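FYI, side chains are in, hydrogens and waters are out, and symmetry mates aren't considered; it's all heavy atoms of this structure. Since we're looking at a predicted model, the values are computed, not measured. Just so we're on the same page: letters track the sequence lines, and every chain starts at 1.
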Amino acid sequence: MKKQRYNAVKGVQDILPPDIYIWQKIEAAAKEIFRVYGFQELRLPIMEPTAIFVRSIGETSDIVEKEMYTFTDKGGRSITLRPEGTASAVRCYVQNHLYNLPSPQKFFYSGPMFRYERPQKGRLRQFYQIGVEAFGVSEPKLDAEIIAMLRVFLERIGLSGLNFEINSIGCEKCRPGYRDALLDFFSSRLDSLCPDCKRRYEQNPLRILDCKVDACIEQRKDAPVVSDFLCDECVSHFSELRSILEMLDVPYVVNPTMVRGLDYYTRTTFEVTSERLGAQNAVAAGGRYDRLVEEFGGPPTPAVGFAVGMERLVALVKDTADSVPSPEVFIATVGKDAAQKALLIAEGFRAKGVWVEVGYEGASLRSQMRRADRFNANYVLILGEDELKRGRIGWKNLKDGSAGEVGIQEVYDFLQKNLNKI
RNA sequence: GUGGGUGUAGCUCAAUGGUUAGAGCACUGGACUGUGGCUCCAGGUGUUGUGGGUUCGAGUCCCAUCACCCACCCCA
């Protein structure tokens, strides 16, 4: 009777060695850099009441309309697996009265997000983000600081050649005017637009600006530009942001057509992309959301944040091929007594923090040596019957081929001294 | 949700509609009885993703289904 074999759910994946070491490296770098910028960790639930996503991301957004993992729990509540982190962070911020902490309040979080989408390169149904949110300061200095932090982080993990794009999409005062201008402009050209853009005209006219269809690109040549519609406050906010970024030497470009898909953004939006990723080329994106905390029942609180996509980051870091960790010592044995004694010696190394693998009786010494080599161990210790009798143990450095013998009692000091040199 | 591509050994892939589906890599052992890498030899696993259909005969052709990949939409 053949046993049923199971596969992971569509669009989700296992993360295992050697990739897991890249993940750990990225996570460690993030924590270290966020720490010096004053960001503290939040552990947020992966499910929330459905309403918080509908409210924040927007009822007509694609995420809410067709991509959420939503279910009814046994108490009849509508629950959703989070499709992004900002809504949860804001809910947490308001619920726990974090606005009473000295401002700005700066937080980061990481973990899986869920969207029911068709998987493709760089897009999964369960994907991981590291997100950052800073509350309580409307000054563009804060925007600049977190963009600078993002840049430092990306460089720390060895990435370069990324594109930083920024834009300002205005606030609740000036954006409606721009939206109306767009509607007015495209109303006479509707017939020349692609079907998707006709839909965008109804739902989110700003999106027409980054359509890839040639006809639409042609039609929008003379479309109104967002910068012409920004109110005085938004203009000065954006220009100060730009001058600080220049001072901090962040190599950005302004992309006036960059529009984010989430409704809650105000003023600053930004995106970091790579040409090496395929169609889904954003590795990080974020922006300001000055209205959301108030929307969620908190005091009026400006905020700005971003999220980075872990899988996309990992794909980029992979090119810089890091070596996978390997055991420092391999103990090969000949004979039953030696094989047992090897376990005791191994414990001694492990107590000192040294990764040791042990060969077991049954395999020839030759094959144990071969295995040690494949493990990429630095040293092999050889323990046979005669060594055991003499209270000594053979050693061989697999990197340079040198070999010798040392007393069993001295082996720890001997190797510890030599391992430090590797 | 839409479109295209691909499913054969653990991995990468062969096999004109025709016997018992092969190779490389990897793995294990040996040549070299207790010293890795190089070389050589030996060892074995497949319900050809799944279910139907056409045919004397299907890994190969057809249909369905599932999974993966890529793109659209959208996004990290």
Side-chain angles (χ1 to χ4, degrees), chain A residues 1-2 4-13 57 60-67 82-86 110-132 150 194-197 199-200 203-204 207 210-213 258-262 271-274 277-286 305-316 330 332-335 338 359 361-387 394-405:
Chain A
M1 187 68 97
K2 178 146 176 155
Q4 173 72 45
R5 301 249 292 200
Y6 298 101
N7 292 321
V9 167
K10 183 188 185 82
V12 313
Q13 64 184 201
I57 298 168
T60 60
S61 68
D62 274 46
I63 291 176
V64 169
E65 272 191 340
K66 53 186 197 191
E67 294 174 3
R82 64 181 180 190
E84 59 110 34
T86 298
S110 65
M113 308 292 165
F114 305 85
R115 291 182 201 170
Y116 190 85
E117 298 187 273
R118 195 79 171 262
Q120 70 180 81
K121 188 180 183 68
R123 195 172 69 187
L124 295 159
R125 288 184 174 178
Q126 175 175 339
F127 60 100
Y128 289 74
Q129 288 188 341
I130 299 178
V132 154
L150 175 58
C194 70
D196 282 328
C197 281
R199 183 175 52 75
R200 290 176 180 125
Q203 292 189 342
N204 189 349
R207 284 229 150 268
D210 65 1
C211 179
K212 291 161 195 156
V213 176
M258 185 177 65
V259 180
R260 318 258 47 252
L262 291 76
E271 201 168 287
V272 182
T273 59
S274 166
L277 280 177
Q280 312 304 321
N281 62 358
V283 294
F306 68 74
V308 301
M310 279 296 289
E311 287 83 357
R312 295 179 189 180
L313 231 41
V314 169
L316 291 173
F330 187 99
T333 63
V334 180
E361 196 198 16
S364 67
L365 182 60
R366 175 186 181 72
S367 83
Q368 291 182 71
M369 291 297 290
R370 199 142 56 183
R371 187 176 305 138
D373 186 53
R374 271 195 306 269
F375 265 124
N376 200 25
N378 291 317
Y379 274 87
V380 178
L381 294 178
I382 297 148
L383 190 64
E385 304 294 358
D386 42 317
E387 283 92 345
W395 60 267
K396 182 164 187 175
N397 180 332
L398 291 184
K399 303 302 173 190
D400 64 16
S402 61
E405 213 178 75

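- Residue A:Leu124 is in base contact, counting any heavy-atom pair closer than 4.0 Å across all strands shown.
- Among the nucleotides B:G37, B:C69, B:A71, the one closest to the side chain of A:Pro119 is B:C69.
- As judged by a 4.0 angstrom heavy-atom cut-off over every strand, A:Lys396 is placed among the base-contacting residues.
- Side chain of A:Ala285, nearest nucleotide from B:A76, B:G36, B:U2: B:A76.
- The base of B:C70 is not paired with the side chain of A:Arg123 by any donor and acceptor separated by under 3.5 Å.
- Between A:Gln126 and A:Arg115, the closest side-chain pair of non-hydrogen atoms is not below 4.5 Å.
- When each of B:A71, B:G29, B:C74 is scored by its nearest atom to the side-chain atoms of A:Arg370, the top-ranked nucleotide is B:G29.
- Spacing of C1' atoms, B:A26 relative to B:C11, comes out at 7 Å, to the nearest Å.
- In this structure, CG of A:Leu365 is placed 12 Å from P of B:G29, rounded to the nearest angstrom.
- Nearest to the side chain of A:Gln280, among B:U28, B:G30, B:C74, sits B:C74.
- For the C1' atoms, the distance from B:C56 to B:A9 is 31 Å, rounded to whole Å.
- Residues A:Asn204 and A:Thr60 form no side-chain contact, since every pair of their non-hydrogen atoms from C-beta on lies 4.5 Å or further apart.
- Between the C1' atoms of B:G17 and B:G53, the separation comes to 16 Å (whole Å).
- Base engagement by A:Glu385 is indicated by at least one non-hydrogen atom pair under 4.0 Å involving a base atom.
- At least one side-chain heavy atom of A:Arg312 sits under 4.5 Å from a side-chain heavy atom of A:Gln280.
- One C1' atom belongs to B:U50, the other to B:A58, and the distance between them is 16 Å to the nearest Å.
- In this structure, of B:G30, B:U2, B:U35, it is B:G30 that holds the atom nearest to the side chain of A:Ser364.
- Note on A:Gly286: nothing from the nucleic acid sits closer than 4.0 angstrom, heavy atoms only.
- Taking atom CD of A:Gln203 as the reference point, atom P of B:C73 lies 14 Å away to the nearest angstrom.
- Between A:Leu124 and A:Val12 there is no side-chain heavy-atom pair separated by less than 4.5 Å.
- Side-chain contact between A:Phe330 and A:Arg371 is present, with heavy atoms from C-beta onward closer than 4.5 Å.
- Per the geometry, CZ belonging to A:Arg200 stands 11 Å off P belonging to B:C72, to the nearest Å.
- As judged by a 4.0 angstrom heavy-atom cut-off over every strand, A:Gly401 is placed among the base-contacting residues.
- Closest to the side chain of A:Arg199, out of B:U28, B:G36, B:C73, is B:C73.
- The gap from the C1' atom of B:G18 to that of B:C61 amounts to 15 Å, rounded to the nearest Å.
- OP1 and OP2 of B:C74 both lie 4.0 Å or more from every side-chain N or O belonging to A:Lys66.
- B:U33 and B:G22 have their P atoms separated by 36 Å, with the value rounded to a whole Å.
- Heavy atoms of A:Gly131 sit nowhere under 4.0 angstrom from any nucleic acid atom.
- Residue A:Ala279 places its side chain closer to B:C72 than to any other of B:A76, B:C73, B:C72.
- Comparing B:C74, B:A31, B:A76 against the side chain of A:Glu67 picks out B:C74 as the nearest.
- Between A:Val308 and A:Arg374, the residue whose closest nucleotide on RNA chain B is further toward the 5' end is A:Arg374.
- No contact: A:Glu65 has no heavy atom under 4.0 Å from any strand.
- Comparing B:A76, B:G29, B:G4 against the side chain of A:Arg371 picks out B:G29 as the nearest.
- A donor-acceptor contact closer than 3.5 angstrom links the side chains of A:Lys399 and A:Asn376.
- Proximity of A:Gln120 to the phosphate of B:A71: a side-chain N or O atom is located under 4.0 Å from OP1 or OP2.
- Along RNA chain B, the nucleotide closest to A:Glu271 and the one closest to A:Val12 are compared, and the more 5′ of them pairs with A:Val12.
- The side chain of A:Ser367 sits closest to B:G29 out of B:C27, B:G29, B:C74.
- Looking at every heavy atom in both residues, A:Trp395 comes nearest to A:Asn397 through CE3-N, 4.0 Å.
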